[in-house]
Amino acid sequence: MKNHSGIVNLLLAVVVAVVMVVYMVCRTLQPAVVMPALNIPMLLTLSVAALTLKACIAPESEYCWVVAAVLAAVTFGVLFWAAGEANARDALMLGLWGGIVFAIAERIFHSLEARITSGRGGKSAMVATGICLILAGQCFAGILL
């Protein structure tokens with residue numbers, strides 16, 4: 001089974017689901033806790049986490065990035081709504097911006113991944129690249145969401 005065409009969306013769904021379970025458990029057990037805002041840096045962090053996992057688990061996988069972005073939008077919207085972190089309107093906006101952020105992050109990460117794999121970089125270089133991409137995206141805090 002060498003075809004890993006859907007692994008990036010599967011990993012994104014797992015990462016977002018784990019974060020939403022943590023949100024729900026924290027809201028249930030400790031209602032006064034202040035959780036991180038669901039904004040562009042959070043969407044970027046979840047996207048880059050899934051892309052980094054994909055680069056470490058199945059670096060040879062091929063997929064259509066447009067379909068992956070559409071599925072990422074659905075994943076963000078549905079899982080945020082199902083966890084009760086967003087109402088229907090906010091889930092639609094988070095889904096829309098989640099798909100856009102995922103598509104941009106995927107294109108940037110894919111080009112960086114191509115540069116790293118042409119040299120002597122290993123899996124730790126992918127993790128460091130993901131962290132740098134997350135830190136670069138922190139400038140979008142408070143914008144649009």
Side-chain angles (χ1 to χ4, degrees), residues 1-27 33-145:
M1 186 157 145
K2 294 278 183 175
N3 187 7
H4 299 291
S5 62
I7 194 156
V8 70
N9 292 105
L10 176 70
L11 290 171
L12 180 66
V14 168
V15 167
V16 173
V18 167
V19 169
M20 289 299 105
V21 166
V22 169
Y23 265 60
M24 288 187 332
V25 168
C26 288
R27 294 264 185 220
V33 71
V34 177
M35 299 300 292
L38 296 176
N39 55 11
I40 291 179
M42 178 67 138
L43 297 173
L44 181 67
T45 301
L46 296 173
S47 299
V48 170
L51 291 168
T52 304
L53 285 173
K54 194 263 327 165
C56 292
I57 293 172
E60 70 281 348
S61 65
E62 295 291 328
Y63 56 91
C64 177
W65 67 272
V66 176
V67 174
V70 170
L71 289 174
V74 171
T75 300
F76 282 122
V78 169
L79 288 178
F80 287 158
W81 175 75
E85 291 298 320
N87 58 19
R89 182 182 172 277
D90 292 340
L92 185 63
M93 290 303 292
L94 283 167
L96 174 71
W97 284 109
I100 292 169
V101 167
F102 180 83
I104 293 170
E106 191 277 332
R107 292 285 78 198
I108 293 171
F109 192 84
H110 183 69
S111 74
L112 293 172
E113 183 182 13
R115 303 243 185 230
I116 290 171
T117 56
S118 67
R120 296 184 55 197
K123 292 185 189 332
S124 62
M126 295 296 176
V127 173
T129 301
I131 291 170
C132 289
L133 192 56
I134 290 169
L135 291 175
Q138 292 299 314
C139 66
F140 293 107
I143 297 177
L144 300 174
L145 286 178

Which residues satisfy the salt bridge (Lys or Arg N to Asp or Glu O under 4.0 Å) test with R27, sequence neighbours excluded?
E85
Kindly write out the residues that satisfy side chain to side chain contact (heavy atoms under 4.5 Å, CB included) with V33, not counting sequence neighbours, or none if the list is empty.
C26, Q30, M35
Rounded to the nearest 0.5 Å, what's the gap from CD1 on I134 to CE on M42? Could you check?
11.0 Å
Which pairs, with at least one residue in residues 35-58 and sequence neighbours excluded, count as a salt bridge (Lys or Arg N to Asp or Glu O under 4.0 Å)?
K54-E113
Side chain of D90, backbone of M93: donor and acceptor closer than 3.5 Å?
no
side-chain contact (heavy atoms from CB on, under 4.5 Å), that's the test. Do L46 and F76 meet it? Break it down for me.
CA-CA 10 Å; L46 296 173; F76 282 122; 3.9 Å; yes
Under the side chain to side chain contact (heavy atoms under 4.5 Å, CB included) test, which residues partner I131, sequence neighbours left out?
V127, L135
Could you measure the distance from the CG atom of L11 to the CG atom of L51? Nearest 0.5 Å is fine.
9.0 Å
Just jot down the side chain to side chain contact (heavy atoms under 4.5 Å, CB included) partners of I104, sequence neighbours excluded, or say none.
I100, I108
V8/F102 under side-chain contact (heavy atoms from CB on, under 4.5 Å): CA gap, chis, key distance, verdict
CA-CA 11 Å; V8 70; F102 180 83; 3.9 Å; yes
A69 and A103 have their tightest heavy-atom pair at CB-CB, 3.7 Å
Among all residues two or more places apart in sequence or in another chain, which pass the side chain to side chain contact (heavy atoms under 4.5 Å, CB included) test with C139?
none
Nearest heavy-atom pair of L44 and L133: which atoms, and what distance?
CD2-O, 3.6 Å
Nearest heavy atoms of L94 and F80, plus distance in Å
CD1-CD1, 3.5 Å
When you measure from the side chain of N9 to the backbone N and O of A68, does any donor-acceptor pair fall under 3.5 Å?
yes
